[in-house]
Novice: 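There's a structure below that I have some questions on.
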Amino acid sequence: MTAWISVLVHTPAHARMEPVLTYRHTEPLPNGTLVRVPLGKRETLGVVWHDAAAESSGELDGDKVRDIAGVLDTVAPLGDAWQQLMRFTAQYYQRSLGEVALAALPPQLRDLSPVQMHRRQRKSERAASKPSAVAEGPTESPAHVPTLTSEQASAVAEISAKEGPFLLFGATGSGKTEVYLHCVQSLLAQDPQAQALVMVPEINLTPQLEARFRERFAPLLGAQAVVSLHSGMTNPQRLAAWLAAHEGQARIVLGTRMAVFASMPHLRLIVVDEEHDPSYKSGEGARYSARDLAVYRGRLQNAKVVLGSATPSLESWHQSRPREDGGRYQRLLMPGRIGAQAQALPLVRRVDMKHQTRGAVFSVPLLDAIRACVARGEQSMVFLNRRGYAPVLHCADCGWKSECGHCSAYRVFHKLDRTLRCHHCGFTERVPRACPSCGNLDIAPLGKGTEQIEEQLEALLADVRRPDSASAEFPQGQAVRVARIDADSTRLKGSLQAQLAAVHAGDVDVLVGTQMIAKGHDFRRITLVAAINPDGALFSSDFRAPERLFSLLMQAAGRAGRDAALGKGSEVWIQTFEPAHPLYAALKQYDYPAFADSQLRERAQAGMPPFSHQALVRSEARSQEVAQAFLNAARSGALQDMAAWDGWDQVLAQVTLYSAVPMAIARVANVERAQMLVESPSRQALQRFLSGWQSVLHASRALPECKGLLRWAIDVDPLAI
Ligand code: ADP
Ligand code: ZN
Ligand code: ZN
């Protein structure tokens, strides 16, 4: 007997082939079955995809149809909900279904043959049935579970009683994680199959979360019940975790944005912690937002969705306005902080840099405060969002600057290894002895980076001695220890953890770093946090920059005063030329709602998201002319050709296409980049427009003026413009 099987594969985008191809097999196969199929000269993974809409049309030529090479029949077929999630993602983010679906599967699943897969599964089954693993099974003695505060209890009660989605708006330290743990626990207790997905922006930065979930649930459900899914895992680990989620043994999946695609047939709850974090948005391939997909997926699988943050994205904040005003999310408030942190929040102090020595990195009062902090034996954290020693090297004689030859950007001066490094293309050279253009020996750094902050602090604090550090060897006491954490200091695997451990152990007095150190870490002994130069975001052309700055500063402030004994005098310092700016005023009051409401008023007036919906088309070519020509051709194609299509004038009337412009950094690694913004007050209209526009974009590529176009891509709901 012969059966025709429709199989979804990842066909190369440039071939513009249908992603669902027909193969032959000896028997029918259920939808969602994983199969190996020949594609061109290679063999590849495919998913059986009998879908009326995608079914290839026309007569089948029996001689040309190829046989399915193998069936991964030890893996259960992927469910309808998972398939629908893939369909939606591909459609919404304007990518091919084959690419989206196959990329959502763990890499090893794509590579292993049925026999290898079977062997792999047998091995992990044997491992799971070993006595040692059984000993890790349920012990019926759950870890200590704190009694919920009344705020927490009412949040948990609302989540269990209502439908959601929920926006849990709670300060750092208000006990949001404890709410997640309770929701997961009550859900898993109700239904012996139920699964929960808990997402965090960067799992490497939050091993605490994993530890808390394991500690709570391993005793109840066994160690196998909690798995992680993130890019820091090896491929075999990822496959094993994915299979455990797919087969239902894993009851709790903790992961980064990629986990939103995990196959979880019994999914009943999705938590998105720090839901405002930009890393939920993918920067490559299908540029999906895992937070937004979580909300969609919740509806699809009838799972509750809880988004949590101390500084929600303005989109989520707006969605959670009162129902009568059109809000669709349920807002839950937890304003109080718990225990040690319940005392006053750190005092926010603004230093007016207009009254300080010009060019000084540290204002006098901040430096005094850091010295006093060290002298008390407490820790401070100083952050600046720029790594390296100085962003530019400069010759005062002839005006030479350390431009990158391949990018429209300056190379950054790294003093430690005496290099000039381009942070966009990676091009690195030794620092020249003299100005390459006029020979002047006196070339100087311009501006400041974390290396320089570290160096200056070491010098400025050289005379300070740590309290109680005097010994026979150091009769005067020991010097202050300054450490730096940024992408440069943490390049080696494991080095971030080691450096964080040193801070926790108290081996560091002053920690310098980029925003990496502001996020999530639970530093107990830090009582002073300082932002050296955060003003840039106030005047950025990116309309989301203030939102990101506010949330970063709130998060950084949350690092200070976490220890009860030390918390009282905690301070957050902002060095600024705009001390009266409303953003800093709201920060001083820790008043996120005031900040959000003023931002939303501005956005409403300017017709920006969330009051409009956007997509960006980006193009890359060897020349800026070609990159822009492509976008402009696609634009006139939309305005002329599409306007003639039947019924499309309605859609076009709701969509604005702006002109093509170079990207902020127009050239990277000798590739010129341009972009075009598409905007509409209606999400639906934008979606319809984009799906129709695809064919125009593809056709534009063939035009003579677009010769040399390298690639183009659509970014729906872009985060940076
Ligand atoms: P968030 O996730 O909002 O930052 P956490 O859930 O991590 O807050 O809680 C902050 C601290 O308070 C943690 O150390 C946590 O163990 C503790 N905590 C949370 N809820 C309670 C509670 N109900 N009783 C006592 N301690 C709690
Ligand atoms: Zn010069
Ligand atoms: Zn470069």
Side-chain angles (χ1 to χ4, degrees), residues 143-156 168-184 198 200-201 206 208-213 215-216 271-275 306-312 332-343 345 391-412 419-429 432-444 446 519-524 554-555 557-559 561-564 567 665-673:
H144 169 70
V145 178
T147 315
L148 293 182
T149 64
S150 61
E151 279 182 0
Q152 287 173 320
S154 76
V156 170
L168 182 60
F169 169 53
T172 339
S174 63
K176 293 186 293 298
T177 312
E178 198 54 54
V179 170
Y180 308 150
L181 287 160
H182 268 79
C183 291
V184 170
V198 180
V200 289
T206 47
Q208 302 104 305
L209 183 91
E210 212 177 319
R212 271 173 88 175
F213 271 81
E215 186 192 16
R216 186 70 56 90
V271 172
V272 184
D273 191 25
E274 309 286 2
E275 66 88 31
V306 181
L307 312 177
S309 177
T311 52
L332 306 172
L333 306 178
M334 293 210 307
R337 285 173 117 200
I338 285 175
Q341 300 161 47
Q343 20 184 298
L345 285 152
V392 190
L393 214 53
H394 169 241
C395 167
D397 274 8
C398 75
W400 172 86
K401 284 181 176 167
S402 55
E403 265 159 22
C404 174
H406 312 287
C407 306
S408 40
Y410 295 114
R411 281 174 301 164
V412 174
T419 56
L420 287 178
R421 269 192 244 159
C422 175
H423 288 184
H424 300 283
C425 73
F427 178 56
T428 302
E429 276 182 335
R433 262 172 217 296
C435 171
S437 123
C438 75
N440 173 18
L441 286 174
D442 195 20
I443 44 178
L446 215 61
K519 279 192 186 180
H521 305 294
D522 195 3
F523 297 130
R524 289 276 144 186
M554 287 279 278
Q555 218 160 15
R559 302 305 113 218
R562 294 181 80 106
D563 190 296
I665 294 168
R667 187 168 49 108
V668 168
N670 294 319
V671 172
E672 292 284 348
R673 312 177 314 158

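Values below: every heavy atom of this structure, side chains too, minus hydrogens, waters and symmetry copies. Counting starts at 1 for both ligands and their atoms, following the listed order. Note that the structure is predicted; figures quoted are calculated from it, not measured. In this chain, numbering begins with 1 at the start of the sequence shown.
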Novice: Compare P146, G173, G175, A153 and give the one whose heavy atom is closest to atom 5 (P) of ligand 1.
Specialist: G175
Novice: Can you list the atoms of ligand 1 that are under 4.0 Å from a heavy atom of A171?
Specialist: 3 (O)
Novice: Where does S174 meet ligand 1, judged by heavy-atom distances below 4.0 Å: at the side chain, the backbone, both, or neither?
Specialist: both
Novice: Are V271 and C183 packed together at the side-chain level, in the sense that at least one heavy-atom pair is separated by less than 4.5 angstrom?
Specialist: no
Novice: Work out the angle at the Zn ion (ligand 3) between SG of C422 and SG of C407, rounded to 10°.
Specialist: 110°
Novice: Look at C404 and state whether any of its N, O or S atoms is less than 2.8 Å from the Zn ion (ligand 3).
Specialist: yes
Novice: Out of H182, K176, Q152, whose heavy atom is nearest to atom 3 (O) of ligand 1?
Specialist: K176
Novice: If I take atom OG1 from residue T149 and atom CD from residue E178, how far apart are they, to the nearest 0.5 angstrom?
Specialist: 9.5 Å
Novice: As an exercise, identify every atom of ligand 1 less than 4.0 angstrom from a heavy atom of E178.
Specialist: 6 (O), 19 (C), 20 (N)
Novice: Considering only heavy atoms of T149, which atoms of ligand 1 have at least one such atom less than 4.0 Å away?
Specialist: 23 (N)
Novice: Who gets closest to atom 6 (O) of ligand 1 by heavy atom: T177, D273, T172, V179?
Specialist: T177
Novice: Could you tell me, atom by atom, which parts of ligand 1 come under 4.0 Å of a heavy atom of R212?
Specialist: 5 (P), 6 (O), 7 (O), 15 (C), 16 (O)
Novice: For ligand 1, which part of E151 has a heavy atom less than 4.0 Å away: the side chain, the backbone, both, or neither?
Specialist: neither
Novice: For ligand 1, note which part of M334 has a heavy atom under 4.0 Å away: side chain, backbone, both or neither.
Specialist: neither
Novice: When you measure from the Zn ion (ligand 3) to the N, O or S atoms of C425, does any of those distances fall below 2.8 Å?
Specialist: yes
Novice: Hey, does the side chain of R667 reach the backbone of G405 with a donor-acceptor pair shorter than 3.5 angstrom?
Specialist: yes
Novice: Short check: any N/O/S atom of H424 below 2.8 Å from the Zn ion (ligand 3)?
Specialist: no
Novice: Should one rank L209, T147, L168 by closest heavy-atom distance to atom 22 (C) of ligand 1, which comes out on top?
Specialist: T147
